[in-house]
Student: 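Following this message is one structure expressed as structure tokens.
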Amino acid sequence: MIFLKKYYVNTTDQWDCLPITHEVRYAIRDANVPAGLVTVLVAGPGASVTLGEGLPEVVAGLRGVLKRWGEPAQGGKAKDQWRQPMDVEPRVLAALLGRSVQIPFDNGRLCLDPYSDVLLCDFETKGRRREFVVQVMGEAAESGKTAPPPPEEDYE
């Protein structure tokens with residue numbers, strides 16, 4: 001069975017790294033699939049999806065590293081397919097980090113460390129409404145049975 005759900009988050013005019021783990025868990029619950037593979041994709045350019053700890057210090061460190069990666073592209077301008085001006089740096093950073101992740105899950109729980117988060121990182125310098133897609137793949141629960149609900153918190 002394949003289940004697909006779209007979600008939206010609002011970003012600011014700064015670089016954002018937003019935890020979206022709860023939305024991924026809700027998609028697994030709604031799919032009613034006890035075990036399988038979940039894919040998270042941010043479709044638009046200038047953003048990526050990664051795994052990490054959502055702690056402010058970790059996010060700040062990630063920002064520092066990515067700023068150094070993006071330095072060669074800073075100030076780079078190009079025109080998109082409609083001949084509109086665009087910044088190159090956010091697209092370079094998104095390409096380096098990747099725009100999707102795949103995570104196995106079992107018994108309705110993501111196979112992640114309890115402190116790991118799924119993070120949507122937006123590198124654009126203007127706020128927008130970002131769309132991301134969560135695809136759940138696996139065998140549907142037996143008839144009459146439902147997959148266990150995801151726990152509120154994975155911290156044990």
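Numbering starts at 1 and runs along the sequence shown. Since this is a predicted model, take the numbers as computed values, not measurements.
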Student: Is the closest side-chain donor-acceptor distance between Asp13 and Thr125 under 3.5 Å?
Tutor: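 No, Thr125 and Asp13 have no side-chain donor paired with an acceptor closer than 3.5 Å.
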Student: Please enumerate all residues that pass side chain to side chain contact (heavy atoms under 4.5 Å, CB included) together with Lys5, with sequence neighbours excluded.
Tutor: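 Expected list: Phe3, Tyr7, Asp30.
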Student: Is any side-chain N of the basic residue among Glu23 and Lys6 closer than 4.0 Å to the acidic one's carboxylate O?
Tutor: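 No, no charged N to carboxylate O under 4.0 Å.
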Student: Each residue besides Leu41 in its hydrophobic cluster should be listed here, by chain and number; the cluster joins Ile, Leu, Val, Met, Phe, Trp and Tyr at side-chain heavy-atom distances under 4.5 Å.
Tutor: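 Members alongside Leu41: none; it stands by itself.
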Student: Using side chain to side chain contact (heavy atoms under 4.5 Å, CB included) as the criterion, list what pairs up with Thr12, not counting sequence neighbours.
Tutor: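 So Thr12 forms a side chain to side chain contact (heavy atoms under 4.5 Å, CB included) with Gln14, Asp16.
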Student: Any pair with a residue in residues 40-49 that passes salt bridge (Lys or Arg N to Asp or Glu O under 4.0 Å), sequence neighbours left out, goes on the list, sorted by first then second residue, please.
Tutor: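 Listed by first then second residue: nothing to list.
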Student: Can you name the closest pair of heavy atoms from Ala27 and Val134 and give their distance?
Tutor: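 Looking at all heavy atoms of both residues, the closest pair is CB-CG1, 3.5 Å.
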Student: Write down the atom of Cys17, the atom of Val59, and the distance for their closest heavy-atom approach.
Tutor: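 For Cys17 and Val59, the tightest heavy-atom pair comes out as CB-CG1, 3.7 Å.
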Student: Can you check side-chain contact (heavy atoms from CB on, under 4.5 Å) on Leu119 and Leu51, steps first, answer last?
Tutor: CA-CA 6 Å; Leu119 301 171; Leu51 300 175; over 6 Å; no
Student: I need the Leu93 CG to Cys121 SG distance, nearest 0.5 Å.
Tutor: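 Leu93 atom CG to Cys121 atom SG measures 10.0 Å (nearest 0.5 Å).
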Student: Tell me which pairs pass side-chain hydrogen bond (donor to acceptor under 3.5 Å, both in side chains) where either residue lies in residues 45-59, with sequence neighbours left out.
Tutor: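 Output for this query is empty, none listed.
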Student: Taking ring-ring contact (aromatic ring centres under 6.0 Å, His included) as the test, write out the residues that go with Phe105, two or more places apart.
Tutor: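 Expected list: none.
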Student: Looking at residues at least two apart in the chain, or sitting in another chain, which of them share a side chain to side chain contact (heavy atoms under 4.5 Å, CB included) with Val49?
Tutor: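 Scan of Val49 (side chain to side chain contact (heavy atoms under 4.5 Å, CB included), adjacent residues dropped) gives Val40, Val42, Val101, Val118.
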Student: Where is the tightest heavy-atom contact between Cys111 and Asp106, given as atom of each residue plus distance?
Tutor: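 Nearest pair, atom of Cys111 first, then Asp106: SG-N, 4.1 Å.
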Student: Can you name the residues that form a side chain to side chain contact (heavy atoms under 4.5 Å, CB included) with Met137, not counting sequence neighbours?
Tutor: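 Testing Met137 for side chain to side chain contact (heavy atoms under 4.5 Å, CB included), a comparison that skips the adjacent residues, returns Ile2, Leu37, Gln135.
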Student: Please give the remaining members of the hydrophobic cluster of Val133, linking ILVMFWY side chains under 4.5 Å, ordered by chain and number.
Tutor: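 In the cluster with Val133 are Leu4.
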Student: Of the non-hydrogen atoms in Glu124 and Pro45, which two are nearest, and what is the gap between them?
Tutor: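 Closest pair (atom of Glu124, atom of Pro45, distance): OE2-O, 3.7 Å.
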Student: How is the hydrophobic cluster of Tyr8 composed, in terms of its other members, when Ile, Leu, Val, Met, Phe, Trp and Tyr link through side-chain heavy atoms under 4.5 Å apart, directly or indirectly?
Tutor: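 Grouped by the 4.5 Å side-chain rule, Tyr8 forms a cluster of one, so the answer is none.
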Student: Salt bridge (charged side-chain N to carboxylate O under 4.0 Å, His left out) with Arg130: which residues, sequence neighbours excluded?
Tutor: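 In terms of salt bridge (charged side-chain N to carboxylate O under 4.0 Å, His left out), with neighbours along the sequence ignored, Arg130 is linked to Asp122.
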Student: Is any side-chain heavy atom of Ile103 closer than 4.5 Å to one of Leu112?
Tutor: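 Contact flag for Leu112/Ile103 side chains = yes.
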Student: Which ILVMFWY residues can you reach from Val58 by hopping between side chains whose heavy atoms are under 4.5 Å apart?
Tutor: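 Hydrophobic cluster check, Val58: joined to Leu55.
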